[in-house]
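One structure is given below, encoded as structure tokens.
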Amino acid sequence: MSNKVKKTLKDSLNSQQYDAVTTVNGPVAVFAGAGSGKTRVITYRIANLLNEGIPITNILAVTFTNKAANEMKERIQGVVEIDPKKLWIGTFHSICLRILRQSGKAISLRPDFTVFDEEDSLSLIKDCMKESNIDIKRVNPRTVSKTISDSKVALVSSEDYPNVAGTGYFVDIVSSVYALYEKRLRENNALDFDDLIYKTVILFQNEPSTLDQYQEIFKHILVDEYQDVNAVQYELLRLLANKHRNIFVVGDDDQSIYAFRGADPTYMLRFRQEYPDAKVIKLEENYRCSQMILNAAHCVVQNNEKREEKKLWTNNEKGTPVKLVVCSNEKDEAQKTIQLIQERIKTQNRTYNDFVVLYRINAASRNFEEALMADDIPYQLVGGYRFYQRKEVKDFIAYLRIVNNPDDRVSINRVINYPKRNIGAVFIRKIEKMAHEDQCSFYDACHHLLKKKEAVARGRKGLQEFIDVVEAGRKLLQKGSLLDVAKLVYERTNIPTMLETEYAEDIAKDKVSNLRELLSAIHDFEQQYDGTEPILQAFLAQVSLFTDLDNMDPEQSRVTLMTIHSVKGLEFPIVFMAGMEEGLFPHYLSNCKQNALEEERRLCYVGFTRAKTELYLSYAMNRELYGKTTKSTPSRFLEEISEDLIERLKISTPRDGETGLKRKVSSVNRSKKDYSKGNPVSLGDLTAGKIVCHKIWGHGIVLDLKEIDSEHIIHIDFDTVGERMLNFKYAPLRIVEEVPTAAKGKS
DNA sequence: CACCTTGTGTTTTTT
DNA sequence: ACACAAGGTG
């Protein structure tokens, strides 16, 4: 057994990887570039620790997604025999949830607390703002929510916030809302996402004996995606590793893409300061990408100023250039993408699961879904409107949440009048008043009210029905079957019938089938239930931390659609990145800040380096988004790729004939030659009437040049895309000596 | 007092 | 395109 492991390690690892795997004691930081075998290192390291005789219960492994955790469990089982249930492996959130359920009592947390997702927490914040007479139109609740979330990540409590945040109108508002929000969370017996980690740190800070207990359990700590660790997570790790100092972190600062969530890649660079005796290992050989793809990725990311200079190398073959696909609009983009996929299936003997389509924002998935459906191509959509986030599913789950925790006011508010029970805002306020007078919970006040005969209200009957469903659910739960409880809710609330009257037939059908799917998920959960904690509590916890990514199945032959954020850690033979346009990618909200722009660039790097053999980049000249159509400029990231690594692809789809695009495409192709022959342009050259050549759009005639906010804006009429305004600073323009025929012909 | 209609504002990425 | 809040109606 032991020898088998040793041999496997030597055979399947390079010397740096081997070093990372077999350095058992002390702090280790591994800088692992994209595709350098990071997952393999972590897997083998755990296997090796077990092989060295370290009990499985003494290892903590933190991954970025549940899916990564499950995958890792499976892969370890391939090397050594383990009982995967004994291994502490999961996301920060799931691990902290487990710790708080076990030991939260020390900070007066009940073990049956509910986890609020972002929507729940925003709804509670709105309530708090209304209660404090803050005009929701003047102050955006989302901004308040984000500020509170940021505070928790920065370990700033509601008491400390006013002292730390300075002064001002907004700060005053957040101060009061934050305090009230915390109070309400406690009353709801609930924690929000940030609390899971934040309260665990508080627990460890306040209760040294509890901390000591976990320090003894987690003698060896491994952290994946360390570049995406934020302050509160860093503090958690620091506390846990403080005693035995066996902390092993793996990451890549070029792949840090979660700064919006407080991630700070400098923790990775600061590791050596925290642990001066740390061993630092660099993995720079890429085993995934072709040379051209890797170089193109490097072209982009090297434009970042805040980064450790490094260059990955690969022994893989040179490969083919990155392909640029120019599309007329977002529909055309989906069409062309699918056409390319079909071609490759036919000629290269590919299967659908060799392909992934990536985009910057979830909203972009729609067009691809529609096009794939129309062509009967199997696909799986990852992320987006996640299953457990859908309205009908959340409504249904709200009932289960109330059965589990009657203090969950957010869920009560959600469904007390759904289906309609004649319970409006006024009636609710009346119950609240009663709860306040009787010093009891809202739920208990409902009971009191129903007992009083004189309390006649129009909603009384409805309230009785609501309470009856919940009480029946609680009784049924005692008997043990979760599925029975769910069925009861399904039948007694009549939600399916409601849905049919509420929505159009096809939409209602969809929603009802989602609920059926939920019932079957509950059934499956019950089958695998291990009985370590109350079943409903266990189910709800899984639901709240579950992501669609966990559902992804790479085995099935389906095209995958997802955001670039979700694709981190995965690889595909052929990658399509859509929407390579200014404003979309980089996203316009990131445009203002240099840091944010650099993060977009890293995101681009992550996308590129998912591809093993082929990478397609596409952009649409016109895009409809958020209900309006806008003309777009190619992403600056396209300009950053050196010319020998990128190739414009000429595709004709049936639609092109109708729009006369074919003619334009051919003139663009000629223009590309002119661009490389042309001379660099200076500001003085740009007078009205001059013919210029754009790297992507080809020839155009200068109409105007003006200065706005000390930026030089050029107005050009292009043969291909018509009139555009360009910023001189970024525009890839050249002057052509001869007046090309294409431009002459146009007037 | 609850419900339905109209109008308004907002839209990144994820645990 | 969508959600959500205010205002009118039964």
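Residue numbers start from 1 in every chain, and the chains themselves are labelled A, B, ... in the order their sequence lines are given, proteins ahead of strands.
For the residue pair A:Thr147/A:Tyr178, the side-chain donor-acceptor check at 3.5 Å is not satisfied. Using modelled atom types and a 3.5 Å distance limit, the side chains of A:Asn413 and A:Arg409 yield a donor-acceptor pair. With hydrogens and angles left out, the side-chain atoms of A:Asp112 and A:Gln537 include no donor and acceptor closer than 3.5 Å.
The side chain of A:His565 sits closest to B:dT13 out of C:dC2, B:dA2, B:dT13. Nearest to the side chain of A:Phe260, among B:dT13, C:dA6, B:dT15, sits B:dT13. Closest contact between the side chain of A:Lys137 and the listed nucleotides C:dA6, B:dT15, B:dT13 involves C:dA6. Between B:dT15, B:dA2, C:dC2, one nucleotide has an atom nearer to the side chain of A:Phe427 than all others, and that is B:dA2.
Nucleotide C:dA3 holds its P atom 17 Å from the CG atom of A:Asn140, rounded to whole Å. Rounded to an integer number of Å, the gap from CG of A:Asn595 to C1' of B:dT13 is 16 Å. Rounded to whole angstrom, the span from the CG atom of A:Asn422 across to the P atom of B:dC4 amounts to 10 Å. Look at CZ on A:Arg360: it is 11 Å from C1' on B:dT14, rounded to the nearest Å. Between the CD atom of A:Gln389 and the P atom of B:dT14 there is a distance of 11 Å, given to the nearest Å. Rounded to whole angstrom, the span from the CG atom of A:Leu597 across to the C1' atom of B:dT13 amounts to 15 Å. For the pair A:Glu225 CD and B:dT13 C1', the interatomic distance rounds to 15 Å; values are reported in whole Å. The nearest whole Å value for the distance from the CD atom in A:Glu118 to the P atom in B:dT13 is 11 Å.
Residue A:Lys126 is in sugar-phosphate contact alone, with no base atom involved, counting any heavy-atom pair closer than 4.0 Å across all strands shown. Among the heavy atoms of the strands lying under 4.0 Å from A:Asn417 are primed sugar atoms or P, OP1, OP2 only; no base atom is included. Using a 4.0 Å heavy-atom distance criterion, A:Leu589 is classed as a base contact. Counting any heavy atom pair closer than 4.0 Å across all strands shown, A:Tyr258 reaches sugar-phosphate atoms only and no base atom.
For the residue pair A:Asp228 and A:Gln233, the shortest heavy atom distance occurs at O-OE1, 3.7 Å. Closest approach of A:Arg401 to A:Thr114, counting heavy atoms only: NE-CG2, 3.8 Å.
Distances shorter than 4.0 Å separate none of the side-chain N or O atoms of A:Ser590 from OP1 or OP2 on B:dT12. OP1 or OP2 of B:dT14 lies within a sub-4.0 Å distance of a side-chain N or O belonging to A:Ser566. Taking only side-chain nitrogens and oxygens, A:Asn362 never comes nearer than 4.0 Å to OP1 or OP2 of B:dT12.
In terms of position on DNA chain B, the residue among A:Glu600 and A:Ile423 whose nearest nucleotide sits closer to the 5' end is A:Ile423. Projected onto DNA chain B by closest heavy-atom contact, A:Phe193 and A:Arg142 fall at different nucleotides, the more 5' of which corresponds to A:Arg142.
No side-chain donor-acceptor contact under 3.5 Å links A:Gln255 to the backbone of A:Asp252.
Under 3.5 Å, the side chain of A:His587 and the base of B:dT12 form no donor-acceptor pair of N or O atoms.
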